[in-house]
Amino acid sequence: MTVSATAIPQNSTLDHFSSILRDVLSRPSGAVGLFLVVFHIILALISPYIAPYDFKEMNSTMMLADPGINHWLGTDHLGRDVFSRTIQGGREAMLVTGIATPVAVIWGGMVGIFFGLVGGRLDEVMMRLVDAFLSLPWILKMLLLIVTFGTSILVLVPTLAFIYGIPVIRIARAATQDVVARDFVSAARARGNSRATIMRRELLPNVLDSLMVEGAMRWSWMLLAFSSLSFLGFGVSPPTPDWGLMISDARGFMSFAPWGVLGPVIALSSLIIGINLTADALAKSLGIDRAQKATV
Amino acid sequence: MLQILFRRLFLGFVTVVVVSMIIFAGVEILPGDACTAFLEREAKGLILESCREDLGLNRPAVERYFDWAWNALQGDLGISANGKDSIASLVGARLGNSLLLAVCALSIGVPLAIILGIVTGLWRDKPIDLLISTSVIFAMTIPEFVSSTVLILVFSAWLGWLPGIVLTSASAPISEFFPEIILPVVVLSMVMTAHILRMVRSSVIEVMGSDYIQMATLKGVPYWRMVFLHALPNALLPAINIIALTIAWLLGGVVVVEVVFNYPGLGRMMIDSISDRDLPVVQALALIVATVYVFVNLSADMLTMIANPRLRTLYTRK
């Protein structure tokens with residue numbers, strides 16, 4: 001008889017995930033969302049090889065040209081091909097957020113589970129710190145770090161991972177507290193298991209569902225943050241194509257050259273909506289009510 | 001009851017103190033100070049020394065923190081890095097403008113969100129719910145700068161109905177902000193409506209499925225009487241907290257929207273002061289925004305508790 005009945009044995013982990021995946025795909029929002037996400041990931045990987053033009057190739061005779069056979073989405077104010085830039089405009093954003101998201105979820109999750117298990121004074125103090133940190137707007141924290149340390153990937157990844165890991169602490173701690181008083185945790189304690197073992201074998205499997213949904217949400221928020229920063233001029237540096245930066249550049253000309261804005265707008269929106277539809281379907285599959293902890 | 005109130009007030013105060021420490025330490029750790037920012041990079045040696053002496057920057061950090069915190073407590077937020085303007089007066093006008101934006105967005109967003117939330121909750125999974133709930137995902141997830149840009153493109157560039165940018169100066173009277181304020185208000189109300197609506201919807205669904213509503217149905221209470229008198233008072237309680245979060249967000253976090261529309265509120269002041277490395281202003285703004293956040297949330301908790309007797313006993317048990 002195993003006391004840790006809710007812990008998922010190693011060999012069925014794969015089955016567990018494939019059954020979740022099937023459930024997500026069986027929902028309309030999940031199927032559409034996952035399709036958009038996978039499409040964008042593939043596009044980001046292959047776009048440099050299929051783009052008709054070099055993203056930094058300027059053409060002074062073809063500035064703000066209308067869409068046509070040669071330039072499907074026209075050209076921008078420097079005569080660069082908008083289509084080529086749009087399909088490559090998500091690469092940097094997806095690379096940075098694609099690394100930062102798992103890092104944020106893992107460190108925030110570990111810290112959250114730890115404090116949920118330990119409790120007491122230490123937990124109380126930590127939660128005050130977390131509350132205090134969360135009461136500051138994200139953009140203020142991001143900008144302060146970026147203005148000081150620059151906007152290279154080596155700065156952006158740890159910055160995003162740090163800032164977006166803090167709310168994960170709260171989620172993981174709350175999910176841990178739901179189970180920490182249950183019998184199988186007491187049993188593990190009674191067996192004399194170490195804290196690390198209890199965290200890994202008893203708590204993590206129970207918190208994993210919340211963390212997966214949280215991870216999907218964090219990814220979409222990070223993309224939003226990343227592109228907003230680019231839009232404000234604090235992110236990707238030219239001539240690297242980035243949706244936020246492209247929208248900001250093309251805004252001035254949009255009354256007579258709207259495609260320069262519409263291309264990246266559709267690309268960015270479809271990716272973010274795709275992630276959110278997937279997260280929504282995932283939450284429903286796992287029985288987690290996301291609306292209950294909606295954060296603005 | 002009073003005891004809980006004091007306890008929560010005290011905890012809120014502690015949070016603000018911790019925030020002020022984080023802000024001060026954060027700004028302190030970052031390389032550069034008001035003097036290097038003010039004197040640019042060429043300042044070295046004696047000039048820098050004397051500047052630091054003038055501003056008292058060579059005193060120990062702890063001592064300066066208590067000075068700053070004590071003054072802030074009395075409403076004196078110090079002077080901006082250019083050495084002239086008092087931050088309190090700079091912030092005043094901007095805070096008023098942010099409030100104006102927030103009040104406009106709230107007065108549209110909150111009623112709309114509650115009505116639509118009730119409608120979608122009562123007609124769950126019906127066409128109207130699917131339509132609204134799907135639009136909500138769009139409104140919630142599309143970045144604000146994207147929706148703003150598209151709205152400006154459609155209503156300002158193409159149709160020419162509304163001005164796409166705010167040209168009014170920061171200290172202008174309220175009436176001059178119309179109609180320029182309409183588009184930013186629409187963008188903000190869209191986002192907040194989406195968040196509040198989701199909350200109201202799921203709460204209505206939960207309450208409508210609860211035992212006491214079933215009991216009322218079985219007792220033969222007319223449907224609408226039951227909805228308005230039995231279900232809604234309970235279903236709308238959780239909305240208080242999320243509305244509070246929205247208010248806090250509106251008063252501090254709408255940087256992107258304010259930049260896109262060139263609106264002279266706190267958000268744009270924040271980004272300008274960060275770009276200019278005007279650290280005293282950054283510190284002051286961070287403190288104001290965090291304080292608003294903490295106390296708006298606190299008020300919401302208290303309001304929920306007053307409105308819901310069950311929570312009161314729950315808290316005293318702790």
Side-chain angles (χ1 to χ4, degrees), chain A residues 28-29 33 125 128-129 131-141 143-149 220-221 223-225 227-234 243-244 247-248 250-251 254-256 258 261-262 264-266 268-269 272-277 279-280 289-296, chain B residues 11 14-19 21-23 26-27 30-32 134 137-138 140-146 149-150 152-153 156-158 191-192 195-196 198-199 201-203 206 238 242 245-246 248-249 252-253 255-256 259-260 267 270-271 274-275 277 282 285-286 289-294 297:
Chain A
S29 65
V125 171
R128 283 297 112 204
L129 269 176
D131 279 352
F133 192 84
L134 289 179
S135 68
L136 294 166
W138 65 268
I139 201 157
L140 177 84
K141 297 176 273 198
L143 282 179
L144 272 179
L145 291 167
I146 285 174
V147 167
T148 313
F149 298 111
S220 107
W221 278 324
L223 270 172
L224 203 144
S227 52
S228 303
L229 287 174
S230 293
F231 177 82
L232 294 173
F234 291 96
W243 296 324
I247 294 172
S248 151
R251 244 160 51 88
M254 70 182 173
S255 50
F256 51 93
V261 171
L262 292 178
V265 158
I266 292 168
L268 176 59
S269 309
I272 291 196
I273 287 172
I275 296 174
N276 276 280
L277 288 175
D280 223 44
D289 188 356
R290 252 182 60 201
Q292 294 291 353
K293 26 182 182 204
T295 38
V296 176
Chain B
L11 280 180
V14 170
T15 308
V16 172
V17 170
V18 176
V19 175
M21 286 176 184
I22 294 180
I23 296 165
V27 170
L30 299 177
T134 315
I137 294 192
F138 280 75
M140 226 165 87
T141 54
I142 292 179
E144 288 147 22
F145 71 89
V146 171
T149 306
V150 172
I152 295 176
L153 180 65
S156 187
W158 287 348
V191 180
M192 54 178 286
H195 283 276
I196 302 173
R198 270 178 81 96
M199 186 78 204
R201 177 181 179 271
S202 79
S203 160
E206 199 190 313
I242 188 120
L245 271 180
T246 316
W249 166 74
V255 177
V256 179
V259 171
V260 175
M270 195 184 289
I271 202 167
I274 292 176
S275 314
R277 298 288 202 109
V282 176
L285 284 175
V289 170
T291 311
V292 168
Y293 178 93
V294 169
N297 279 312

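Owing to the predicted nature of the structure, the values given are computational and were not obtained by experimental measurement.
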Looking at side-chain heavy atoms only, is the closest gap between [X] and [Y] below 4.5 Å?
X        : Y        : value
A:Leu143 : B:Met270 : no
A:Val265 : B:Ile142 : no
B:Val289 : A:Pro137 : yes
A:Asn276 : B:Met140 : no

With a 4.5 angstrom heavy-atom cut-off, could you sort out which part of [X] is near chain A: side chain, backbone, both or neither?
X        : result
B:Val14  : side chain
B:Leu11  : both
B:Val260 : both

Considering non-hydrogen atoms only, spot the tightest contact between [X] and [Y] and give its length.
X        : Y        : result
B:Val19  : A:Ser135 : CG2-OG, 3.3 Å
B:Ala286 : A:Leu136 : O-CD2, 3.6 Å
A:Phe133 : B:Ile22  : N-CD1, 4.2 Å

Side chain to side chain contact (heavy atoms under 4.5 Å, CB included) partner of A:Leu140, the single match among B:Leu285, B:Ile274, B:Ile271: B:Ile274
So what's closer than 4.5 Å to chain B heavy atoms on [X]: side chain, backbone, both or neither?
X        : answer
A:Leu223 : neither
A:Leu232 : side chain
A:Ile275 : neither
A:Ser228 : both

More than 12 heavy atoms of other groups within 6.0 Å of B:Phe138 CZ: no
Greatest number of heavy atom pairs closer than 4.5 Å to chain A - which of B:Val259, B:Val146, B:Leu153: B:Leu153
Most chain B-contacting option - heavy-atom pairs closer than 4.5 Å, from A:Leu145, A:Ile247, A:Asp131: A:Ile247
B:Phe145 vs A:Ser248, side-chain contact (heavy atoms from CB on, under 4.5 Å): CA-CA, chis, key distance, verdict: CA-CA 9 Å; B:Phe145 71 89; A:Ser248 151; over 6 Å; no
Separation of A:Ile272 CD1 from B:Ile137 CD1 (nearest 0.5 Å): 13.5 Å
